[in-house]
Asker: 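First the structure, which I've put down as structure tokens, then a few questions once you've had a look.
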Amino acid sequence: MEYKMFKKAPAVINMGVKPFAEGVKEQGIKTIHVSWRPPADKKLARLIGKVL
Amino acid sequence: MSEPNLKEKIEAANAQAVRELNAAEGHWVGIEKAIKAIPGFKENLILHSGPPIEWDRMIDVQKRGIKYGAIHAGLAKTMEEAEGMVKAGEIEIGSCNDYFAIGAATGIVTHNMVVNVTEDVVHHNKAFCIPFEGRNGLGAWAMWNPEIERNLLEIEDFFAPIVDHVLKKNSGINVRAILAKGMLMGDESHTRQQACGLQLVSEIVPMLLSDPDIAVKDMKHVVEMFVGNERWFHPLGMSCSLASMRCIKGMPYCTIVTTIAQNGVETGIKVADMGERWFTTAAPRFVGTYFSTQWGPDDAVPYMGDSTMTETYGMGAFSAAAAPTVLRLRGGGWKEAKAQSEELKLICAGTNNNFPIPLLDFTGPGMGIDIRKVVESGITPFCHGGIVNKTGGQIGAGGARFPIEHYITATYAFMEKYGVS
């Protein structure tokens, strides 16, 4: 079985901790960083969907 | 039962709030004794920065400021007597923000201190802030010696009456306009206001020079006092922020933060829909630069002061892109400054269009922190500010990432009010 994805240069989507993205980017790999943090409060994360 | 169409009502209220905030226009209209200017002030009242706090929980440096304040106000002769009077309730203490005053650092305001009066001339709301005494002062830095007292008395008894006279005669000075120009000249107007300070001088000096009522020697000394203190403008930027934010206080369904303030123990916020109700949690600590190698994080108190009102109005950390110089305090440059402004925009209901910033492609900074966006994204406000020594005085400057806990409690309170479960 042949996996094509291993034959191409990877592109990375990094979520959360920004230094991880910077480390990958420094190696010349195409990288997109997404500013994201896990919900601080699970119940509120559910409720907030009703008002935002 | 949940309020019908709540989401739409919130969106409409927040959009209206952003329009009102953009219309607000703060002017410096006077400098008067606190007991005259601030509604509800009393001779035995001393204000402090941040949310209200009991004497036993108050940090030592703020207690010291209140005790020195009691002596300056003629309420007590010694520190011991002042402490006894506070404990007995003979001297009352209160939060500056609850009186629409800005508490700079320790935030001490006594009845006989003078306060700058700033008015939003569109909505006719006022806010108050003591003048900047310098790096060694009583009101902000809780320091006292005969030289500080002499300087304070000179501001109160000589400087203030003359400046108040010319301000009233000339219908004040437009602070919002100065802030806007400052944003184009490298100020974010929380930690840095050098450009605004120079503009202020260029507006007030002609007023003084053209006034036949002021003796030449007095005029010369007032100008010397303005020029000799690079941060005269800072209290005006802060009080302009608070005066402007007042127009949305109590606005139904509005989820925008109207106050951020600290007392060195707790940080507190207020939310437009919930009026003057405080939501508090532990105050954050600073990342920044210390003015001398003799000082470090162990010497600093947690965040103290109400200058974070500037961030609620889109200034300070939210306008970092206007002032990359300020980011150097944390080792950053223009890229970090721009990224910080862009990140903080994500948690705002709109932008302050009065302050177009070149590095943001002439868009305004984020303004109107929306508690829903904070808890949904996990991105909390970052605020600039000065670092206060445990023993008084400013020992550095930098910024702090604020906690999320009180945003969560505020959002739960809002949900409960409107029956969302």
Asker: Of all of Leu44(A), Ile48(A), Asp41(A), which one pairs up most often with chain B through heavy atoms under 4.5 Å apart?
Answerer: Leu44(A)
Asker: Within a reach of under 6.0 Å around NZ of Lys338(B), are more than 12 heavy atoms found that belong to other residues, nucleotides or ligands?
Answerer: no
Asker: Please report the closest heavy-atom contact between Lys50(A) and Lys7(B), naming both atoms and the distance.
Answerer: O-CB, 3.8 Å
Asker: So which residues of residues 322-336 of chain B are in contact with chain A at a heavy-atom cut-off of under 4.5 Å?
Answerer: none
Asker: Given a strict heavy-atom distance threshold of 4.5 Å, which part of Glu343(B) is in contact with chain A: side chain, backbone, both, or neither?
Answerer: side chain
Asker: Mind listing the side-chain donor-acceptor pairs of residues 20-32 of chain A below 3.5 Å, one per line with the distance, residues two or more places apart or on another chain?
Answerer:
| residue | atom | partner | partner atom | Å |
| --- | --- | --- | --- | --- |
| Gln27(A) | NE2 | Gly23(A) | O | 3.3 |
| Thr31(A) | OG1 | Ile29(A) | O | 2.8 |

Asker: Could you name the residues of residues 303-320 of chain B that have a heavy atom within less than 4.5 Å of a heavy atom in chain A?
Answerer: none
Asker: Of all the heavy-atom pairs spanning Leu52(A) and Glu11(B), show the shortest one and how long it is.
Answerer: CD1-OE2, 4.5 Å
Asker: Could you name the residues of residues 406-421 of chain B that have a heavy atom within less than 4.5 Å of a heavy atom in chain A?
Answerer: Ile408(B), Thr411(B), Tyr412(B), Met415(B), Val420(B), Ser421(B)
